[in-house]
Amino acid sequence: MDYMKFSFKSFTRTCAHALACGALFTFGSVQHSNAQGLFATAIKVNDRSITNFEIDERVKFLGLLRTPGDHRKLAREQLIEDRLKLGAAQSVGISPTREEVDAGMGEFAGRVNLETAEFIKAINAGGVSEDAFRAFVLSGLAWRQLVQAKFGSRITVSEEDVDRLIAASGSGDGIRVLLSEIIMPAPPSQAAAVQERAERISQITSTAAFASEARRYSASPSKARSGRLDWLPITQLPAPLRPLLLGLAPGEITDPIPLQNAIALFQLRGIEESDVPEPKYAAIEYAAYYISGGRTDATLAAARKVQSRVDRCDDLYGVAKGQDPSVLDRDSKKPSEIPTDIALELAKMDPGETSTALTRADGQTLVVLMLCGRTPELEQEVDRAELSLGLQNQRLASFSKGYLEELRADARIVEK
């Protein structure tokens, strides 16, 4: 659960399709010898075994969750960590109750707007058992309980810590960043290859090399400018991206950031701070017009025709007239509620501007995205309790990562 990054909307669609098809995962007439191989030990972690069957199920689960990267490699890594986490928890008598695990499964299923039973039916149809899902949730719960018990008392956040956080970021109020970007389409069939390429690009150390990769691979309109963006207020960018950018030195690149059907990379070229706060927004209104066919020359040409006909969001109603209502969405949402890939594109726009960098339906639908407007946020008092809790969680996560690395270093791990 610690490393899952996926699109809830995509998974909901996957679940619905799987249930509609009524696919059943059965073993049929599996040969006895094949069954022996399936349940044979693939990895030994101290005295705990991981079978080929468990790896196969985790691979399928990662596929259903639309997790980027090499699913088999990631499945092996996660299952090794699961064994380490459970072993450490059980060694000090920590074992989540069935009720706690049931609640955790319900919370996880709720993230994709499904009841637990509906979620289980969906993953069953995709070849993943309820036991595999339960084990997945169990290890995450046990680990959180262990980390809290082991390190919780060591973590203190003072008023001075909160003051420093406010002063350092000003909630990002007066900070602007100069970025270069690469947005690479990553439909399921290409996800692993694109992830591998993104990992390579993230190791680049020069702006010229990053610019070259942007011209070659990026699907964003900034490709024509070698990925270079103009100065942007940090408050205009999605909240999860801000600390990543503020942690960079000029010339450094973020780790690959998974988006829906895409992977993003950002290089910091400059940063500046002023005494004049940048505006924050209570809501952002935008429209999306969908063109079937994916990112092809024909659909991009059709998108350019749409862009030439519209100057404001209301104009899109004329474009969509006579078509199925589903071809046009118009929303006004809090910034935190906007999908990350859409929020990234909107951050680069002025009202009335459009973008064709995004796709939906596993890359089969091109999106013409338009910013309608931004509603400024009224000045609000800083929630110090929320900032304090955030600092506590950040420090706890640091302890958690270090402890897991220590467990792995001390473990006997034999991979077959």
- Starting from the C-alpha separation in whole Å, work towards a yes-or-no answer on side chain to side chain contact (heavy atoms under 4.5 Å, CB included) for Leu369 and Leu358. CA-CA 8 Å; Leu369 183 69; Leu358 307 180; 4.1 Å; yes
- Task: Evaluate the side chain to side chain contact (heavy atoms under 4.5 Å, CB included) criterion for residues Arg395 and Val157: first the C-alpha distance (whole Å), next the side-chain angles of each, then the deciding distance (0.1 Å), finally the verdict.
- Result: CA-CA 9 Å; Arg395 292 174 184 179; Val157 176; 3.8 Å; yes
- Item | Stepwise side chain to side chain contact (heavy atoms under 4.5 Å, CB included) check, Tyr317 with Arg330 | CA-CA 10 Å; Tyr317 291 112; Arg330 185 168 178 173; 3.2 Å; yes
- Message: Let's go through Tyr290 and Val368 carefully: what are the C-alpha distance in whole Å and the side-chain angles of both, what is the deciding distance for side chain to side chain contact (heavy atoms under 4.5 Å, CB included) to 0.1 Å, and is it a yes or a no?
- Response: CA-CA 6 Å; Tyr290 304 106; Val368 179; over 6 Å; no
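When all heavy atoms of Leu229 and Leu178 are compared, the closest pair comes out as O-CD1, 3.3 Å. Ser292 and Thr299 get closest at one heavy-atom pair: O-CG2, 3.3 Å. Scanning both residues, Val59 and Ala75, for their nearest heavy atoms gives CG2-CB, 3.8 Å. Residue Ile338 comes nearest to Ala343 through the heavy atom pair CG2-N, 3.7 Å, listed as atom of the first residue, atom of the second, then distance. Of all heavy-atom pairs between Ile94 and Ala149, the closest is CD1-CB, 4.2 Å. Contact detail for Glu345 and Pro221: the closest heavy-atom pair is OE1-CD, 4.4 Å.
Between the CZ atom of Arg374 and the CD1 atom of Ile284 there is a distance of 5.5 Å, given to the nearest 0.5 Å. A distance of 9.0 Å separates CD in Gln323 from CG in Leu328, rounded to the nearest 0.5 Å. To the nearest 0.5 Å, atoms CD (Gln195) and CG (Leu74) are separated by 9.5 Å. With values rounded to the nearest 0.5 angstrom, Glu118 atom CD is found 12.5 Å from Ile123 atom CD1. Here Thr116 contributes atom OG1 and Lys121 contributes atom NZ; the two are 12.5 Å apart, rounded to the nearest 0.5 Å. Here the CG-CD distance, from Leu79 to Glu81, works out to 10.0 Å after rounding to the nearest 0.5 Å.
For the ring pair (Phe, Tyr, Trp, His ring centres under 6.0 Å) condition, the pairs that include at least one residue of residues 396-416, sequence neighbours left out, are Trp143-Tyr403, Phe151-Phe399, Phe151-Tyr403. Within the structure, the salt bridge (charged side-chain N to carboxylate O under 4.0 Å, His left out) test picks out the following pairs touching residues 194-208 (sequence neighbours left out): Arg200-Glu213. Judged as a salt bridge (charged side-chain N to carboxylate O under 4.0 Å, His left out), the pairs with a partner in residues 41-50 (not counting sequence neighbours) are, in order, Asp47-Arg412. Under the ring pair (Phe, Tyr, Trp, His ring centres under 6.0 Å) criterion, no residue pair touches residues 221-262, with sequence neighbours excluded. Contacts classified as disulfide (SG to SG under 2.5 Å) and involving residues 328-375 (residues at least two apart or in different chains) are given here: Cys313-Cys372.
With sequence neighbours left out, the side chain to side chain contact (heavy atoms under 4.5 Å, CB included) criterion links Glu77 to Arg408. Applying the ring-ring contact (aromatic ring centres under 6.0 Å, His included) rule to Tyr281 yields no partners; only residues at least two apart in sequence or on another chain are considered. For Asp255, the side chain to side chain contact (heavy atoms under 4.5 Å, CB included) test picks out no residue, with sequence neighbours left out. Checked against salt bridge (charged side-chain N to carboxylate O under 4.0 Å, His left out), Glu337 has no partners two or more places apart in sequence or in another chain. Remark: Pro185 engages Pro187, Ala219, Arg295 in a side chain to side chain contact (heavy atoms under 4.5 Å, CB included) (not counting sequence neighbours). Taking the side chain to side chain contact (heavy atoms under 4.5 Å, CB included) definition, one finds that Ser95 meets it with nothing, sequence neighbours left out. With sequence neighbours left out, Tyr217 forms a ring-ring contact (aromatic ring centres under 6.0 Å, His included) with no residue at all.
A donor-acceptor pair under 3.5 Å is absent between the side-chain atoms of Arg269 and the main chain of Gly251, judged by distance alone. Distance alone, capped at 3.5 Å, is enough to place a donor-acceptor pair between the Glu353 side chain and the Asp350 backbone. Side-chain N or O atoms of Asp70 include one that pairs as donor or acceptor with a backbone N or O of Lys73 at under 3.5 Å. With hydrogens and angles ignored, the 3.5 Å screen pairs no side-chain donor or acceptor of Ser226 with any backbone N or O of Arg215. Of the possible donor and acceptor atoms, none in the side chain of Arg176 sits under 3.5 Å from a partner among the backbone N and O of Glu272. Under a 3.5 Å cut-off, the side chain of Glu57 and the backbone N or O of Ala132 do not form any donor-acceptor pair. Of the possible polar contacts, one joining the Glu252 side chain to the Ala249 backbone as a donor-acceptor pair under 3.5 Å is found.
Using a 4.5 Å heavy-atom threshold, the side chains of Leu344 and Leu259 count as touching. Using a 4.5 Å heavy-atom threshold, the side chains of Phe266 and Ile182 count as separate. Taking the side chain as every heavy atom from C-beta outward, Leu86 and Leu138 approach each other to under 4.5 Å. A 4.5 Å side-chain heavy-atom check between Gln267 and Thr207 finds at least one atom pair inside the cut-off. Residues Met349 and Met370 fail the side-chain proximity criterion, which asks for heavy atoms closer than 4.5 Å. Between Leu62 and Gln78 the shortest side-chain heavy-atom distance falls below 4.5 Å. Inter-residue side-chain proximity for Asp56 and Arg72 is flagged as met; some heavy-atom pair is nearer than 4.5 Å. In this structure, the side chains of Ser218 and Met184 stay at 4.5 Å or more apart for every pair of heavy atoms.
Between Phe61 and Phe108, the ring planes are tilted. Angles from 30° to 60° get that label.
In this model, no donor atom of one side chain and acceptor atom of the other lie less than 3.5 Å apart for Ser129 and Asp131. Between Ser222 and Ser220, the side chains place a donor N or O and an acceptor N or O closer than 3.5 Å (distance only, hydrogens not considered). In this structure, a donor-acceptor pair under 3.5 Å is absent between the side chains of Thr365 and Arg360. Side-chain contact, Asp329 with Tyr289: no donor N or O sits under 3.5 Å from an acceptor N or O.
With salt bridges taken as basic N to acidic carboxylate O contacts below 4.0 Å, none links Arg228 and Glu181. The pair Arg58-Asp82 counts as a salt bridge, with a side-chain nitrogen and a carboxylate oxygen less than 4.0 angstrom apart.
Other residues, nucleotides and ligands contribute over 12 non-hydrogen atoms within 6.0 Å of the NZ atom of Lys333. Counting heavy-atom neighbours within 6.0 Å of Asp410 CG, excluding the residue itself, gives a total above 12. Counted within 6.0 Å of CD on Gln90, heavy atoms from surrounding residues, nucleotides or ligands total more than 12; the atom is thus considered enclosed.
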